[in-house]
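Just so it is clear, the values below take in all heavy atoms, side chains as well, and ignore hydrogens, waters and symmetry mates.
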Amino acid sequence: MPDPRRPQFSAEQLAEVRRLQGLYPDKRGALLPVLHLAQDTFGYISLEIEEYVGTLFDLSAAHVHEVVTFYTMFFQKPRGRHIVAVCHNLSCHLLGAKGIIEHLKERLGVEPGETTADGKVTFLTVECLCACEQAPMMQVDDRYEGLLTADKVDGILRGLA
Amino acid sequence: MAEKILSKNFDVRDAHTLRVYRETGGYRGWDKARGMEPAAITEEVKKSNLRGLGGAGFPTGVKWSFIPKGSTAPKYLVVNADEGEPGTFKDRYILERDPHALIEGMLIAARAIDSRLGFVYIRGEYVQPWRVFSAAVKEAYDAGLLGKEVPGGGFEVVIHRGAGAYICGEETGLISSLEGKKGWPKLKPPFPAIKGAFGQPTTVNNVETLACLPHILTRGGEWFAGLGTKSEGGTRLYSVSGHVARPGVVEAPVSVTLRALIYEHCGGIPGGRTLKAVVPGGSSAAILTPDEIDIPMDVDGPKSKGSMIGSAGVIVMDDTVSIPDALMVVARFYAHESCGQCTPCRESTGWIYKMVHRIVDGHGKKDDLDTILDVAKRGGGTTICAFYDGAIGPYISYIEKFRSEFEALCRS
């Protein structure tokens with residue numbers, strides 16, 4: 001993975017940045033999409049990336065920092081290869097999210113907000129992911145996994161490379 | 001069983017594809033609308049008594065009519081697909097299972113407000129819905145439904161992914177986010193219809209609201225109005241979760257009672273338990289007790305009990321639930337999601353969460369309950385957006401309706 005401390009998009013990615021910027025009446029509209037692209041490329045959003053992305057938008061690093069820190073999906077430090085994010089909002093709570101979170105703490109050996117020592121999993125608790133019909137549920141990378149039980153969670157963890 | 005309208009394609013194989021969507025009658029509403037004057041479309045929608053289904057319940061046709069007419073300025077249609085109200089998941093079903101219904105609804109709305117460019121703001125966590133919807137948009141471009149050069153004006157769609165922030169479901173917060181800023185709501189006026197996204201006239205509509213339009217155009221506003229009650233037309237997608245035997249999205253006419261949703265459509269409370277409380281419209285709606293559920297689930301029904309229909313996310317709690325514990329979870333959510341712009345909201349949501357947490361931990365004092373109620377009530381109406389007013393709903397109703405349960409946890 002390219003170095004987040006010395007960020008540089010490829011020529012192809014820079015073309016994508018320009019395409020995204022062209023979709024909006026003001027190119028700054030593309031800031032969130034480009035930050036997603038940066039995070040997918042570099043793994044997380046470092047201060048250097050904030051500064052770099054700012055130059056692509058004629059925005060100050062402070063503006064980009066303000067945006068990055070506002071949203072929960074942008075990571076400001078290295079994260080695990082996988083994200084396991086358990087919903088702890090009301091419907092999931094009513095149907096046992098607490099037990100799922102305790103189970104994951106034990107299995108992963110880390111607290112919510114932390115990454116396992118082998119760098120495999122970043123474990124999070126999150127607010128409503130709007131899949132309450134499958135409560136208790138969690139997001140594993142791009143996927144929603146619902147109707148969780150301890151056994152089902154174990155199976156999902158085993159499937160993570 | 002009433003006729004399924006909005007959910008008729010949810011269980012149809014490959015209904016997310018253009019071919020199957022057309023086979024089920026798709027794009028007929030747009031075929032009709034494209035031959036109509038914009039004002040006539042708006043009139044038809046006013047006749048339908050369609051109310052915004054994202055939470056605020058504002059009449060859709062009236063909202064459109066605020067867009068200045070005759071202006072040459074670009075006008076934008078923005079779709080609020082930033083579904084995030086706890087207990088709500090119906091827009092995800094539309095995006096994943098019937099995406100062309102949204103595209104068709106956008107085409108109709110865009111013609112009504114004379115917009116050539118639309119933005120669909122999808123919450124960042126919705127990766128699969130984003131993928132399915134993006135594929136549907138591509139199909140619509142390839143089929144000549146979307147695009148700059150389409151005869152009769154043309155309409156383009158930009159899909160914009162959010163990055164995790166509940167407040168971006170608030171329409172001006174969403175606009176800030178779309179503009180590349182943190183999602184801080186904006187003072188109104190100016191309203192988005194006058195000065196919205198990128199400073200131009202903008203209508204923000206919810207996914208489900210737009211998905212109603214093809215049916216309204218095909219079968220007429222009067223037909224749609226006739227499905228509902230005096231205060232609201234049509235059917236709605238109710239998201240039902242918590243302690244019910246069959247949680248899920250239920251489509252029903254808005255005259256359906258909360259009791260019928262729980263006991264008939266969703267199979268009642270499982271495990272031989274009884275109903276203790278229910279939230280009728282997403283977590284920002286005041287909680288209701290079992291003697292308050294014989295109400296129609298339109299915009300007026302929950303209001304008659306001091307609550308709101310909101311996003312129609314119904315969260316059911318059985319008699320095993322500790323209400324203080326439930327409030328702690330809800331209060332944590334509002335403390336976490338307050339955007340921090342307005343002092344009453346930023347400070348009160350954090351403080352109230354701490355107080356409820358302390359009570360649940362057994363360290364609360366009985367005075368704390370009055371302090372919470374006082375803080376909650378003072379902040380109402382003092383902030384830029386409706387977020388804090390939404391938070392107050394649960395704070396006050398959980399405590400006032402279940403006070404003895406809180407007191408039992410407090411030191412005297």
Need one label for [X]: side chain, backbone, both or neither, based on atoms under 4.5 Å from any heavy atom in chain A.
| X | value |
| --- | --- |
| B:F119 | side chain |
| B:V244 | neither |
| B:E179 | backbone |
| B:R161 | both |
| B:S177 | both |
| B:E337 | side chain |
| B:R332 | both |

What residue, out of [options], has the most heavy-atom pairs lying under 4.5 Å from chain A?
| options | answer |
| --- | --- |
| B:A165, B:G164, B:A163, B:G180 | B:A163 |
| B:A326, B:C339, B:S241, B:P74 | B:S241 |
| B:F333, B:Y76, B:F89 | B:F89 |
| B:S239, B:A197, B:P247 | B:P247 |

Top contributor to chain B contacts, counting heavy-atom pairs under 4.5 Å, from A:V68, A:D26, A:L35:
A:D26

Can A:M73 and B:E125 be said to form a side-chain contact (heavy atoms from CB on, under 4.5 Å), step by step?
CA-CA 8 Å; A:M73 291 178 71; B:E125 295 89 342; 3.8 Å; yes

Is there a side-chain contact between [X] and [Y] in this structure, where contact means two heavy atoms from C-beta onward sitting under 4.5 Å apart?
| X | Y | answer |
| --- | --- | --- |
| B:F198 | A:R28 | no |
| B:P86 | A:L90 | no |
| A:L95 | B:H243 | yes |
| A:R143 | B:V127 | no |

Count the heavy atoms belonging to other residues, nucleotides or ligands that lie under 6.0 Å from [atom1] of [X], then report whether that count exceeds 12.
| X | atom1 | result |
| --- | --- | --- |
| B:R273 | CZ | yes |
| A:K152 | NZ | yes |
| A:E16 | CD | yes |
| B:K195 | NZ | no |

Anything under 3.5 Å between a donor and an acceptor, one on a side chain of residues 124-132 of chain A, the other on a protein residue two or more places apart or in another chain? List them.
from	atom 1	to	atom 2	distance (Å)
A:E127	OE1	A:N89	ND2	2.9
A:E127	OE2	A:H88	NE2	3.0

Between B:I167 and A:F70, what is the shortest heavy-atom contact and its length?
CG2-CZ, 3.7 Å

Closest non-hydrogen atom pair, A:L23 against B:V158
O-CG2, 3.8 Å

Parallel, tilted or perpendicular: which one describes the rings of A:Y24 and B:H160, with boundaries at 30° and 60°?
perpendicular

Could you walk me through whether A:E66 and B:W184 pass the side-chain contact (heavy atoms from CB on, under 4.5 Å) test, one step at a time?
CA-CA 11 Å; A:E66 180 178 273; B:W184 271 15; over 6 Å; no

B:D325 meets the side chain to side chain donor-acceptor pair (under 3.5 Å) criterion, sequence neighbours left out, with A:H93

Non-neighbouring partners of B:R131 that pass salt bridge (Lys or Arg N to Asp or Glu O under 4.0 Å), sequence neighbours left out:
A:D142

Which answer fits A:F57, side chain, backbone, both or neither, if we ask what part of it has an atom under 4.5 Å from a heavy atom of chain B?
neither

Please classify the contact of A:Q134 with chain B as side chain, backbone, both or neither, using a heavy-atom distance under 4.5 Å.
side chain

Do NZ/NE/NH1/NH2 and the carboxylate oxygens of B:K90 and A:E133 come within less than 4.0 Å?
no

What is the distance from atom OH of A:Y144 to atom CD of B:E96, rounded to the nearest 0.5 Å?
9.0 Å

NZ of B:K181 to CG of A:L59: how many Å apart, nearest 0.5 Å?
10.5 Å

Between B:H336 and A:T72, is a side-chain contact (heavy atoms from CB on, under 4.5 Å) present by the stated rule, with each step listed?
CA-CA 10 Å; B:H336 182 261; A:T72 56; 3.9 Å; yes

So which residues of residues 275-282 of chain B are in contact with chain A at a heavy-atom cut-off of under 4.5 Å?
none

Please determine whether side-chain contact (heavy atoms from CB on, under 4.5 Å) holds for the pair B:C168 and A:Y71, giving the CA-CA distance in whole Å, both sets of side-chain angles, and the decisive distance to 0.1 Å.
CA-CA 10 Å; B:C168 293; A:Y71 298 94; 3.8 Å; yes

